[in-house]
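We count residues from 1, following the sequence as given. Atoms within each ligand, like the ligands themselves, are counted from 1 in listed order.
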Amino acid sequence: MSDVQKTLVLVKPDALQRELVGKVVSRFEQKGLKIVAMKLAHLDEATLTEHYGHLKEKPFFGDLVKFMMQTPVVAMILEGIEAIEEVRKIVGSTNPREADAGTIRADLSMNVPSNMVHASDSAEASEIEVARFFNENEIFAYEKLTDKFHFGEGI
Ligand code: UDP
Ligand code: MG
């Protein structure tokens with residue numbers, strides 16, 4: 001059975017500043033990932049300290065938090081077969097200059113922390129991050145005509 005997953009994506013302030021939100025969202029849509037939640041959110045220091053807790057001791061942590069508070073982010077939940085890994089693949093490696101061509105980070109950015117997108121990196125992280133950014137009533141289940149291509153048997 002195909003494993004349908006949800007994954008949390010944040011479109012970061014550099015994408016908003018550079019007016020590239022539409023391009024980023026479009027890449028996920030074109031792949032066949034379903035947007036099941038989406039909103040703007042201006043993140044506060046407490047949320048970011050929790051979200052980037054694994055980096056708290058890094059020298060760049062303060063700059064990362066400041067960067068993430070420059071503008072609101074677009075938070076969304078994407079759904080699809082093995083969505084967590086597929087989205088990470090589309091997003092590319094953390095350093096945009098080391099990311100594979102064709103990924104969002106390689107094609108649209110040059111630097112950290114301004115690498116366009118955050119995406120959950122595991123099933124455990126996805127569960128925690130979905131709950132961190134969305135209430136249950138902000139997450140939608142709905143049918144699309146294209147579901148037959150992207151879910152189930154794919155025919
Ligand atoms: N980051 C940074 N400097 C670094 C490494 C990471 O500013 O040397 C930022 C970058 O925006 C990255 C985020 O911290 O996306 C989270 O880092 P992580 O290692 O979790 O990478 P990701 O999961 O985003 O690829
Ligand atoms: Mg990460």
Side-chain angles (χ1 to χ4, degrees), residues 2-136 138-140 150-151:
S2 318
D3 188 14
V4 175
Q5 302 174 328
K6 287 183 172 61
T7 189
L8 185 280
V9 166
L10 302 176
V11 185
K12 294 182 177 181
D14 54 323
L16 276 86
Q17 301 264 23
R18 296 174 56 213
E19 298 156 348
L20 291 172
V21 172
K23 282 216 158 57
V24 172
V25 174
S26 182
R27 285 187 175 222
F28 294 124
E29 281 190 303
Q30 285 171 340
K31 172 68 175 168
L33 290 148
K34 189 189 273 190
I35 300 168
V36 297
M38 190 179 221
K39 65 182 176 188
L40 279 182
H42 213 143
L43 305 181
D44 59 25
E45 204 170 328
T47 304
L48 285 162
T49 300
E50 193 179 278
H51 185 63
Y52 285 130
H54 60 298
L55 301 171
K56 229 153 88 187
E57 305 308 322
K58 301 280 186 192
F60 59 81
F61 182 74
D63 285 343
L64 172 61
V65 169
K66 250 189 256 163
F67 161 67
M68 290 296 290
M69 292 173 30
Q70 276 178 0
T71 68
V73 298
V74 179
M76 55 187 170
I77 300 170
L78 300 175
E79 188 177 73
I81 298 174
E82 290 166 16
I84 298 164
E85 193 182 332
E86 288 308 305
V87 167
R88 289 287 295 191
K89 250 198 270 181
I90 292 171
V91 168
S93 305
T94 307
N95 179 343
R97 298 190 305 285
E98 287 169 7
D100 290 336
T103 61
I104 292 170
R105 283 171 168 170
D107 291 358
L108 300 176
S109 61
M110 282 296 279
N111 259 317
V112 286
S114 47
N115 58 4
M116 304 292 287
V117 183
H118 164 84
S120 306
D121 64 5
S122 66
E124 298 70 39
S126 151
E127 200 182 329
I128 292 166
E129 292 177 357
V130 160
R132 176 173 298 139
F133 293 99
F134 287 95
N135 298 319
E136 274 298 325
E138 296 176 305
I139 306 172
F140 296 84
H150 306 315
F151 292 80

min-distance protein heavy atom vs atom 23 (O) of ligand 1 -> R88 NH1, 2.9 Å

Honestly, for R105 the part within reach of ligand 1 (heavy atoms, under 4.0 Å) is side chain

Taking only non-hydrogen atoms of L64 and a 4.0 Å limit, the atoms of ligand 1 in range are 9 (C), 11 (O), 14 (O)

To atom 1 (N) of ligand 1, the nearest of F61, F67, F60 on a heavy-atom basis is F60

inquiry  = Any side-chain to backbone donor/acceptor pair from N115 onto P96? Under 3.5 Å, distance only.
reply    = no

If you scan protein heavy atoms around atom 20 (O) of ligand 1, the nearest is H54 NE2, 2.9 Å

Distance col, row L20:CG vs L108:CG, nearest 0.5 angstrom, shows 6.0 Å

Per-atom filter on ligand 1: closer than 4.0 angstrom to a heavy atom of L55 are 14 (O), 16 (C), 17 (O)

Out of P113, P96, G92, the nearest non-hydrogen contact to atom 11 (O) of ligand 1 is supplied by P113

> Looking only at side chains, do E98 and S93 share a donor and an acceptor under 3.5 Å apart?
Replying inline: no

Smallest heavy-atom separation, I81 atom then H150 atom, equals CD1-O, 3.5 Å

Counting heavy atoms under 4.0 Å, the part of M116 that contacts ligand 1 is neither

Tested for side-chain hydrogen bond (donor to acceptor under 3.5 Å, both in side chains) against E79, the lone hit among Q5, K6, K34 is K6

Atoms of ligand 1 under 4.0 Å from any heavy atom of K12, numbered from 1 in the order shown, are 10 (C), 11 (O), 12 (C), 15 (O)

In this structure, CE of M116 is separated from CZ of R105 (nearest 0.5 Å) by 10.5 Å

Among V117, T94, N111, N95, the residue with a heavy atom nearest to atom 21 (O) of ligand 1 is T94

Keeping the roles fixed (side chain from S120, backbone from T7), state whether a donor-acceptor pair exists under 3.5 Å. no

Rounded to the nearest 0.5 angstrom, the CD-NZ distance for Q70 and K12 is 12.0 Å

Logged contact type for N115 with ligand 1, heavy-atom cut-off 4.0 Å, is side chain

- ligand 1 to S93 polar contact by distance, N or O atoms, under 3.5 Å: no

